[in-house]
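Accompanying notes for the structure given below.
We number each residue from 1, following the sequence as shown.
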Amino acid sequence: VQLQASGGGLVQPGGSLSVSCAASGRIFSINIMGWYRQAPGKQRELVASILPRGSTVYGESVEGRFTISRDNAINTVYLQMNGLKAEDSAVYYCNTVPPAYDWGQGTLVTVSS
C-alpha cells in the first residue's frame, strides 16, 4: 500500500487550504484513517481521524478549524484547513490509526505572510 498526500502549499495566516491523500490499495473501507503532521524539530502528531462510517475526532489544536472527510469508493481522505495559523506549518501525512504503512513524502503546508 502506498499513501500519496498532495495539495500543500503556501498560504497566508487566516487562509484556507485543502489537502488530499490517495491510497493505492483498498485499505480505507475497514480502517480508521488519520491526518498527521510533523513540524521541523517536533514529533509527528495526529491531528484528525475518521472512522470507516464517518465519525471524526480532532486534536485540540485544530478543533473547529479543520475538517477531515473520506471517500471509500476512491480510497481517498481529505483535510480541509481553515483559519490557518503559523503553527500549522508542517509536512502533512495520512496513514491508518495507528499508523501501519510507510509514510510517504507527505505534503508541505506553509502558513506565512
Please check this pair: side chain of [X] against backbone of [Y], looking for a donor-acceptor N/O pair closer than 3.5 Å.
| X | Y | answer |
| --- | --- | --- |
| Thr107 | Gly8 | yes |
| Asn95 | Ala100 | yes |
| Asp71 | Ala73 | yes |

Of all heavy-atom pairs between [X] and [Y], which one has the smallest distance, and what is that distance?
| X | Y | value |
| --- | --- | --- |
| Val111 | Ser89 | N-OG, 2.8 Å |
| Ala90 | Ala39 | CB-N, 3.8 Å |
| Val91 | Gln105 | CG1-O, 3.7 Å |
| Ala48 | Leu79 | CB-CD1, 4.2 Å |

Output for pair (Thr67 OG1, Tyr78 OH), nearest 0.5 Å, gives 14.5 Å
Would you compute the distance between atom CD of Gln38 and atom CG of Leu108 and round it to the nearest 0.5 angstrom?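 Interatomic distance, Gln38 CD to Leu108 CG, rounded to 0.5 Å: 12.0 Å.
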Report yes or no: do Ser16 and Asn82 form a side-chain donor-acceptor pair below 3.5 Å?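 On atom types as modelled, these side chains qualify, holding a pair under 3.5 Å.
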Check against side-chain contact (heavy atoms from CB on, under 4.5 Å), Val19 and Met81: CA-CA 8 Å; Val19 293; Met81 302 179 286; 3.9 Å; yes
Linking I/L/V/M/F/W/Y whenever any side-chain heavy atoms sit under 4.5 Å apart, do Leu51 and Val97 land together?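 Same cluster: Leu51 reaches Val97 through Ile, Leu, Val, Met, Phe, Trp or Tyr contacts under 4.5 Å.
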Within 6.0 Å of CD in Glu45, more than 12 heavy atoms from elsewhere: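 Above 12, so yes.
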Which donor-acceptor pairs under 3.5 Å do the side chains of residues 52-66 make with protein atoms, sequence neighbours left out?
residue, atom, partner, partner atom, Å
Tyr58, OH, Ile68, N, 2.9
Ser61, OG, Arg37, NH2, 3.3
Arg65, NH1, Gly83, O, 2.9
Arg65, NH1, Asp88, OD2, 2.7
Arg65, NH2, Ser61, O, 2.8
Arg65, NH2, Asp88, OD1, 3.0
Arg65, NH2, Asp88, OD2, 3.4

In sequence, state the C-alpha distance, the side-chain angles, and the governing distance for Leu3 and Tyr93, and then conclude on side-chain contact (heavy atoms from CB on, under 4.5 Å). CA-CA 8 Å; Leu3 300 166; Tyr93 306 84; over 6 Å; no
